[in-house]
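Scope of the values below: all heavy atoms of this structure, side chains included, with no hydrogens, waters or symmetry mates. Just so it is clear: chains get the letters A, B, ... in the order the sequence lines come, proteins before strands, and each one is counted from 1.
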There are 4 protein chains.
Amino acid sequence: MELNDKERMILDAAAEVFADKGFFKATVSEIANEAGVAKGTIYFYFESKRDLFKSLITSKTEALHQGIRKGQQKGESFENQIKEIISSKLKFFAEEEGLAKSIIYDYAGMDEGFKLELWELRNKHTEKIAEIFQKAIDDGVLRNISVDDTVTVLLGTVHAFGYKNYLSPVEEDVSIAETVDIIYDLFMQGVQK
Amino acid sequence: MELNDKERMILDAAAEVFADKGFFKATVSEIANEAGVAKGTIYFYFESKRDLFKSLITSKTEALHQGIRKGQQKGESFENQIKEIISSKLKFFAEEEGLAKSIIYDYAGMDEGFKLELWELRNKHTEKIAEIFQKAIDDGVLRNISVDDTVTVLLGTVHAFGYKNYLSPVEEDVSIAETVDIIYDLFMQGVQK
Amino acid sequence: MELNDKERMILDAAAEVFADKGFFKATVSEIANEAGVAKGTIYFYFESKRDLFKSLITSKTEALHQGIRKGQQKGESFENQIKEIISSKLKFFAEEEGLAKSIIYDYAGMDEGFKLELWELRNKHTEKIAEIFQKAIDDGVLRNISVDDTVTVLLGTVHAFGYKNYLSPVEEDVSIAETVDIIYDLFMQGVQK
Amino acid sequence: MELNDKERMILDAAAEVFADKGFFKATVSEIANEAGVAKGTIYFYFESKRDLFKSLITSKTEALHQGIRKGQQKGESFENQIKEIISSKLKFFAEEEGLAKSIIYDYAGMDEGFKLELWELRNKHTEKIAEIFQKAIDDGVLRNISVDDTVTVLLGTVHAFGYKNYLSPVEEDVSIAETVDIIYDLFMQGVQK
DNA sequence: AATGAATGAGTATTCATTCAT
DNA sequence: AATGAATGAATACTCATTCAT
């Protein structure tokens, strides 16, 4: 997955345009313009508009997941690891707002094969998170719940906060650190007295 | 919001086609075909493809929210009320799979005005849920957490399970009742020992 | 050519809409709206949109020509007769500006048969004018020129002034009486010293 | 206003089709066919059907006006200059019959901005003609009439003859040279004995 | 006589993709 | 490697006209 300069320029331009317009309303012409190359050049490096979008999503998603995995390998405390995960994902929402939208919303237009690829990409890091949980259960930090469901709860919650704070049509502007603490608390303690 | 027969037929057809193809890949011709009317008839009842989509989403979302509100007015126990909410939303995911996708994914292509409408529609029922939580806090059933954040956690969690079980590219086929219990437990207790 | 009330209402509405939009951009719906009748009603009285336009033009053109013929039968002086003709036509331009435009410009869209009808209508009154000229030649008032060409010059000149003063994209607002005198003078004397 | 080959081909095809059908009944497809290019190619060179029409009219009108201006710069006699002007315009009617119709009739459908452009184009050469008249007045060749009105009379007369001889639904086939003499005589002498 | 819901042929325009240079 | 002119399939939308009521 080595990218040369031209590819990088095109991908950066694509990120901007897709983020702004979404997959279907973005045009290859505009991406080419933005990248400062001719339309044909895009087709030299990418098979199609869809392929370009895929490459973009894959690269961004990988970056996101990489960020998430960071905390996991450092032998940090459970709390720090989970907070790092929450934080990475919220940051992604906050920093790449438009692109996050584009990934979320235009996903529908993609073919099954690509969806599966993304699903597997997602699985790879949910499994990592699951491992963290499993270890916490074994260590007696967490009660004996399904690690799989636990991952779902955590990511769902983070997603909901990310959406609410950074993607909703109404601005909310809440600090990430604050949100991390709120999520962590609710996630750990539940809501019951 | 009285709908006559023709409008109902068109809206049903639209639900099917939008669910299958998403907003951008659905064509007005196909919807007309599916509805058994001429293309022009669609434009007699709806201003545009977008207007048709909006009407569809609005009607479906209202139905969903109505379902959610049901449990709230019956003076049921807190547990039953929450479980009813979780259940309604999961049912919507399960039963209207394609449409749920379409609503989620094509949302991006909509104009700000429409997004705001939907957002307000959403707020109306999150407020209802918030009231349930507030009462539970007052009754000493829940600890003293932000009701707003609590709604976010609950809906995020339900969404994540709904997505994972009913919208993901990999079939999971988990029963709704079971999922409701899992969500309720994790939501209430958290994951900590 | 007896017109009942409904036909009159429709024709009046058509005059307004065609004047405003021109034949091609006017819609039958708008005419029906303007007339306060249902679309179908128009088709009860007129065969088609084109037929409606034809009827309108015919009626307006007849009115115009009638006005022109007036002066001719009164045994008035040559000067008064000619000035009456010039005046009638200028008045039509001034008073029915939009309609005059519509008649002039949308003429192209009409079929040959209708054009011939209009041409003959036009001929009927050019012949009347020609008779006036012929008499003036016989009386020694005009020099011995082709009456046919003379009609062409007169109508062309009037048309040019009418267009310039009342239909051009730039407002000119010159009084009709004044214009009549200018035209009559130039027409009679020519420009040579 | 440099036109490359493709643009020239498209414009020629457009001239033919617009002349034949008029603006509203002409289709872009037919123009593309006639030009031997794909529909998309037209949109590569022209923004829209309307833009194509504008470009066509502008180019043809400029050609017409150029012809008219010819005689003016040669230091010819007054008579020759005027006859050249009459002749150019009649030739345009005779040679570009359909296009002249299209310009005249579809003018109504154009937007105000474009009408003004054409009006100014027209003014540019009426001013030239006015100068010729002014000089003739100063030289004592013409009597002291309004040069502006004189231009109107001349162009109106030429237009009426052009229309009658070359655009009317009835063929007249009169030679241009002959018509020029008739117009010049009537224009100069008037009709009065 | 009058209505207005229903029709569907007709058309401008867009844009991903190709390919000769 | 890079260009950008050329392509043409694809599609939303309009509106004159019909006809059952």
Side-chain angles (χ1 to χ4, degrees), chain A residues 4-7 10 23-33 35-53, chain B residues 4-7 9-10 23-33 35-52, chain C residues 4-7 10 23-33 35-53, chain D residues 4-7 9-10 23-33 35-52:
Chain A
N4 65 30
D5 281 3
K6 275 274 159 61
E7 283 173 293
I10 293 171
F23 179 76
F24 292 101
K25 307 237 280 216
T27 69
V28 175
S29 283
E30 195 180 350
I31 294 171
N33 259 7
V37 301
K39 236 186 305 186
T41 307
I42 290 184
Y43 285 86
F44 185 79
Y45 290 104
F46 301 91
E47 281 185 0
S48 64
K49 183 188 179 187
R50 166 138 312 173
D51 179 49
L52 178 55
F53 188 65
Chain B
N4 65 29
D5 281 2
K6 273 279 158 53
E7 282 172 294
M9 281 167 67
I10 293 171
F23 179 77
F24 292 101
K25 304 234 287 212
T27 70
V28 176
S29 284
E30 195 179 349
I31 294 172
N33 262 5
V37 301
K39 229 184 313 182
T41 306
I42 290 185
Y43 286 90
F44 185 78
Y45 290 103
F46 301 91
E47 282 186 358
S48 63
K49 184 187 176 185
R50 162 141 314 173
D51 179 49
L52 179 55
Chain C
N4 65 30
D5 279 3
K6 274 274 158 62
E7 283 173 293
I10 293 171
F23 179 76
F24 291 101
K25 306 237 281 215
T27 69
V28 176
S29 283
E30 196 179 348
I31 294 171
N33 259 8
V37 302
K39 235 187 307 186
T41 307
I42 290 184
Y43 285 86
F44 185 80
Y45 291 103
F46 301 91
E47 279 185 2
S48 63
K49 183 188 177 185
R50 165 138 313 172
D51 179 50
L52 178 55
F53 188 65
Chain D
N4 65 30
D5 282 2
K6 273 278 158 56
E7 282 173 293
M9 282 167 67
I10 293 170
F23 179 76
F24 292 101
K25 305 234 284 213
T27 70
V28 176
S29 283
E30 196 180 348
I31 294 172
N33 262 6
V37 301
K39 230 184 311 184
T41 305
I42 290 185
Y43 285 89
F44 185 79
Y45 291 103
F46 301 91
E47 283 187 358
S48 62
K49 183 187 177 187
R50 163 141 313 172
D51 179 49
L52 179 55

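- Taking CD1 of I42(A) as the reference point, atom NZ of K49(A) lies at 11.0 Å (rounded to 0.5 Å).
- When heavy atoms are screened at a 4.0 angstrom cut-off, A32(A) is found touching no nucleic acid atom at all.
- As a whole-Å value, the separation of K49(A) NZ from dT18(E) C1' is 17 Å.
- Straight-line distance from the OH atom of Y43(A) to the C1' atom of dT18(E): 9 Å, rounded to whole Å.
- The shortest heavy-atom contact between I31(B) and I10(B) is CG2-O, 4.2 Å.
- Going from atom CG of N33(D) over to atom P of dT7(F) covers 12 Å, rounded to whole Å.
- We find that CG of D51(D) is positioned 14 Å from P of dA12(E), with the value rounded to whole Å.
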Check the interface with nucleotides 3-7 of chain E: list each N/O to N/O pair with the protein under 3.5 Å, or write none.
from	atom 1	to	atom 2	distance (Å)
dT3(E)	OP2	A38(C)	N	3.1
dT3(E)	OP2	T41(C)	OG1	2.4
dG4(E)	N7	G40(C)	N	3.3
dA6(E)	OP1	K6(B)	NZ	2.8
dA6(E)	OP2	Y45(B)	OH	2.1
dT7(E)	OP2	A38(B)	N	3.0
dT7(E)	OP2	T41(B)	OG1	2.3

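- Separation of atoms OG1 (T41(A)) and CD (E7(A)) is listed at 12.0 Å; rounding is to 0.5 Å.
- The nearest whole Å value for the distance from the CZ atom in F46(B) to the C1' atom in dT14(F) is 18 Å.
- Distance CZ/R50(D) to CZ/F23(D): 4.5 Å, rounded to 0.5 Å.
- Separating the CD1 atom of I31(B) from the P atom of dC13(F) is a distance of 11 Å, rounded to the nearest angstrom.
- Nearest-nucleotide assignment on DNA chain F puts the 5′-proximal partner with S48(B), out of S48(B) and S29(C).
- The same atom, P, is picked in dT21(F) and in dA1(E); the two are 22 Å apart, to the nearest Å.
- Base pairing analysis places dT21(E) opposite dA2(F); the two distances defining the Watson-Crick or G-U wobble pair are each below 3.5 Å.
- Atom CZ of F46(A) and atom CZ of F53(A) lie 13.5 Å apart (nearest 0.5 Å).
- Rounded to a whole Å, the NZ atom of K25(A) is 14 Å from the P atom of dA16(E).
- The distance from atom OH of Y43(A) to atom CG of D51(A), rounded to the nearest 0.5 Å, is 10.0 Å.
- Checking dT14(F) for Watson-Crick or G-U wobble geometry (two distances, each under 3.5 Å) identifies dA9(E) as its partner.
- M9(D) and A35(D) get closest at one heavy-atom pair: CE-O, 3.2 Å.
- Atoms CG (L52(B)) and P (dC13(F)) sit 10 Å apart, rounded to a whole Å.
- Distance from the side chain of T27(B) is smallest to dT11(F) among dA16(F), dT11(F), dC15(E).
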